[in-house]
Amino acid sequence: MTDIAVKQGTPVSQAFQDFDLDRKRKSKSPALLDPRSGKDHDDTETPEEIAKQYKKYQNAPKYNLNSEELFCICRRPDHGGELMIGCDGCEEWFHFTCMKMNEAYQSLIDKFYCKFCQWQGKGRTRYNKICRLPGCMKPIRSELKSKYCSEECGLEYMKRFLEESEKLSREEMKFALTKCRARDDLVSFGATFPELPEIANQNFEKLPENIQRKLSSSESKMKKIEKDLQVCNMQEEYLGLRKEVVKKVNEALKEKSKSENDADEEEGPSKKKKKKSKSAQFDLCCFDSSLYDDKPEEFYANALENSADTVANCVEHIVALYREQQDGKESKESTVCLQDRRKCLKHNGWWNLIADELWKRSIELQDSLVLLENEKQETVRDYSVQVYEDDS
């Protein structure tokens, strides 16, 4: 911290006589007045002029004829009380007036470098940020990340701010301050809307008819959407069963083909060794167009409740259809695609497509529920505000 000395004889308050302590601060911190030099005055001196002054300063005597030590660029002895500041570069002492510095900013100086040290590049004068309270010239408590120099200044600033506020009355401020003991209390204060008794107790029949109609309309829409959402969730679960059906169908056909090959080998001639045939690989498409048919909620409920039977029946049905197709007895009423999955370009990725459609549908229904719920809340809130305004 820069050393600042005041000799007895001249009061420090002299610098503050023309300074209005109660005015609102309109200028920035003194540290920001001249970012190039860090000074609080206009630097009109050129480097050549400073160089001449420095040469003269260096050649000047350190003591006068009375053996008194000389200070500053003015080379005068200390004869009682001018405010002086020590340079952090050359450790010499200089008068505030000679350095063209405002004495009102003395407590804000963090590092001070005279004009010669700044010219030589040893450093720049640096100021601390000023307290937020208008009229206070002390530095903030930066280690506490505070905008004030003390608790007292912080309280005084908030007091003035509240007194000048046109949004809150004294009674309202007193109520808030007595109810809130800590910051968290103040933040949570007013977070919940004060509901009317008939709304808090769900006695909507006591509300006006127009409000009841709005709430009833929103409620009926929400019930329909909730039912659609429930069916959509069931369809997603049922689609998961159909994926399991595809897997089991291919496994069943492979197992049946293997058992038929084994039976053919046993019936063949026993004397000649016959090359063992490989079992056929099955990967049927198994897309069912009936998945897009509208089905009642009971259909999905029963299918999911008896999921094992549902999967087994579907597998048996599709395997039977495939056998009929192999025997040339393909049913025209069949809704299941029995082509090889790799050759069926028409239904490529059908399971993922349907799953994405159901997921998108579910999100849309959930968003609709949120909008209707907000609509209900806004209806009740607007009515409550109107009642409060009428009472006031």
Side-chain angles (χ1 to χ4, degrees), residues 167-168 172 175-176 179-180 184-245 287-311 313-314 335 350-392:
K167 296 182 179 180
L168 296 175
E172 291 171 333
F175 177 79
K179 291 291 183 181
C180 303
D184 294 338
D185 296 338
L186 183 61
V187 172
S188 61
F189 188 67
T192 56
F193 187 81
E195 301 289 357
L196 295 172
E198 55 268 28
I199 295 176
N201 299 328
Q202 300 291 318
N203 295 328
F204 296 132
E205 63 275 4
K206 295 183 179 180
L207 299 177
E209 292 185 2
N210 61 328
I211 302 298
Q212 292 186 37
R213 284 196 298 269
K214 289 183 180 179
L215 294 177
S216 178
S217 175
S218 299
E219 191 67 32
S220 60
K221 291 178 182 178
M222 290 180 66
K223 287 182 179 179
K224 184 180 183 304
I225 292 176
E226 287 173 352
K227 185 176 181 180
D228 293 342
L229 181 59
Q230 184 178 0
V231 173
C232 185
N233 293 334
M234 288 182 174
Q235 289 175 335
E236 289 180 334
E237 293 184 40
Y238 181 74
L239 187 64
L241 295 181
R242 294 307 296 254
K243 189 174 186 178
E244 186 178 352
V245 166
F287 167 73
D288 192 348
S289 60
S290 65
L291 290 172
Y292 287 103
D293 296 342
D294 292 331
K295 299 180 179 66
E297 182 180 348
E298 292 75 14
F299 170 83
Y300 296 108
N302 294 331
L304 296 174
E305 185 178 357
N306 306 299
S307 57
D309 294 339
T310 301
V311 172
N313 293 335
C314 287
T335 59
W350 65 268
W351 192 91
N352 289 329
L353 290 174
I354 298 177
D356 289 344
E357 290 175 2
L358 292 175
W359 174 81
K360 183 179 179 181
R361 173 66 173 161
S362 176
I363 295 298
E364 290 175 350
L365 292 173
Q366 292 177 30
D367 291 342
S368 299
L369 280 177
V370 172
L371 290 176
L372 287 172
E373 181 63 31
N374 292 338
E375 183 180 312
K376 284 178 57 180
Q377 295 295 333
E378 289 178 4
T379 301
V380 172
R381 183 67 54 83
D382 293 342
Y383 170 71
S384 300
V385 170
Q386 186 63 42
V387 172
Y388 291 135
E389 290 179 350
D390 293 342
D391 291 343
S392 63

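These numbers were taken from a predicted model, which means no experiment stands behind them.
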Point to revise | Working for side-chain contact (heavy atoms from CB on, under 4.5 Å), residues Ile354 and Tyr292 | key: CA-CA 9 Å; Ile354 298 177; Tyr292 287 103; 3.3 Å; yes
**Study point:** Rounded distance [0.5 Å steps], CG in Leu239 versus CG in Leu291
**Key:** 6.5 Å
Review point. Can you list the residues that meet the side-chain contact (heavy atoms from CB on, under 4.5 Å) rule with Asp294, with sequence neighbours excluded?
Key: none
Check your understanding: Can you tell me how far the OG atom of Ser218 sits from the CG atom of Leu371, to the nearest 0.5 Å?
Key -> 11.0 Å
**Study point:** Separation between CD of Gln235 and CD of Glu357, rounded to the nearest 0.5 Å
**Key:** 10.5 Å
Review point. Backbone N or O of Ser217 within a donor-acceptor pair of the Ser220 side chain at under 3.5 Å?
Key: yes
Study note, to complete from the structure: Taken in chain and number order and not counting sequence neighbours, the residues that satisfy side-chain contact (heavy atoms from CB on, under 4.5 Å) with Ala301 are Met234
Check your understanding: Are any non-hydrogen side-chain atoms of Leu241 and Leu304 less than 4.5 angstrom apart?
Key -> yes
Review point. So, do Pro208 and Gln212 sit near enough that their side-chain heavy atoms are less than 4.5 Å apart?
Key: no
Check your understanding: Would you call Val245 and Asp288 a side-chain contact if the rule is heavy atoms closer than 4.5 Å?
Key -> no
**Study point:** Pairing residues for Leu353 by the side-chain contact (heavy atoms from CB on, under 4.5 Å) criterion, not counting sequence neighbours
**Key:** none
Review point. Side chain to side chain donor-acceptor pair (under 3.5 Å) with Ser307: which residues, sequence neighbours excluded?
Key: none
Revision key, fill the gap. Applying side chain to side chain donor-acceptor pair (under 3.5 Å) to Gln386 and not counting sequence neighbours gives Asp390
Check your understanding: Is Glu205 atom CD crowded by more than 12 heavy atoms from other residues, nucleotides or ligands, each under 6.0 Å away?
Key -> yes
Point to revise | Partner residues of Lys295 under the side-chain contact (heavy atoms from CB on, under 4.5 Å) criterion, sequence neighbours left out | key: Ser290, Asp293, Phe299, Tyr300
**Study point:** Set of residues satisfying salt bridge (charged side-chain N to carboxylate O under 4.0 Å, His left out) with respect to Lys224, sequence neighbours excluded
**Key:** Asp228
**Study point:** Heavy-atom donor-acceptor pair, Glu198 side chain to Asn203 backbone, under 3.5 Å
**Key:** no
**Study point:** Atom pair CD1 (Ile211) and OG (Ser384), whose distance is rounded to the nearest 0.5 Å
**Key:** 9.0 Å
Just list the side-chain donor-acceptor pairs under 3.5 Å for residues 376-383, sequence neighbours left out, or say none.
residue, atom, partner, partner atom, Å
Lys376, NZ, Glu219, OE1, 2.7
Gln377, NE2, Glu373, OE2, 3.1
Thr379, OG1, Glu375, O, 2.9

Which pairs would a plain distance check flag for residues 358-367, meaning a side-chain donor or acceptor within less than 3.5 Å of a matching protein atom at least two apart in sequence or in another chain?
residue, atom, partner, partner atom, Å
Ser362, OG, Gln366, NE2, 3.1

Revision key, fill the gap. When rounded to the nearest 0.5 Å, the distance separating CG of Leu196 from CG of Leu207 is 8.0 Å
Check your understanding: For Phe204, which residues count as a ring-ring contact (aromatic ring centres under 6.0 Å, His included) partner, sequence neighbours excluded?
Key -> none
**Study point:** Gap separating the CG atom of Asn302 from the CD atom of Glu297, nearest 0.5 angstrom
**Key:** 10.5 Å
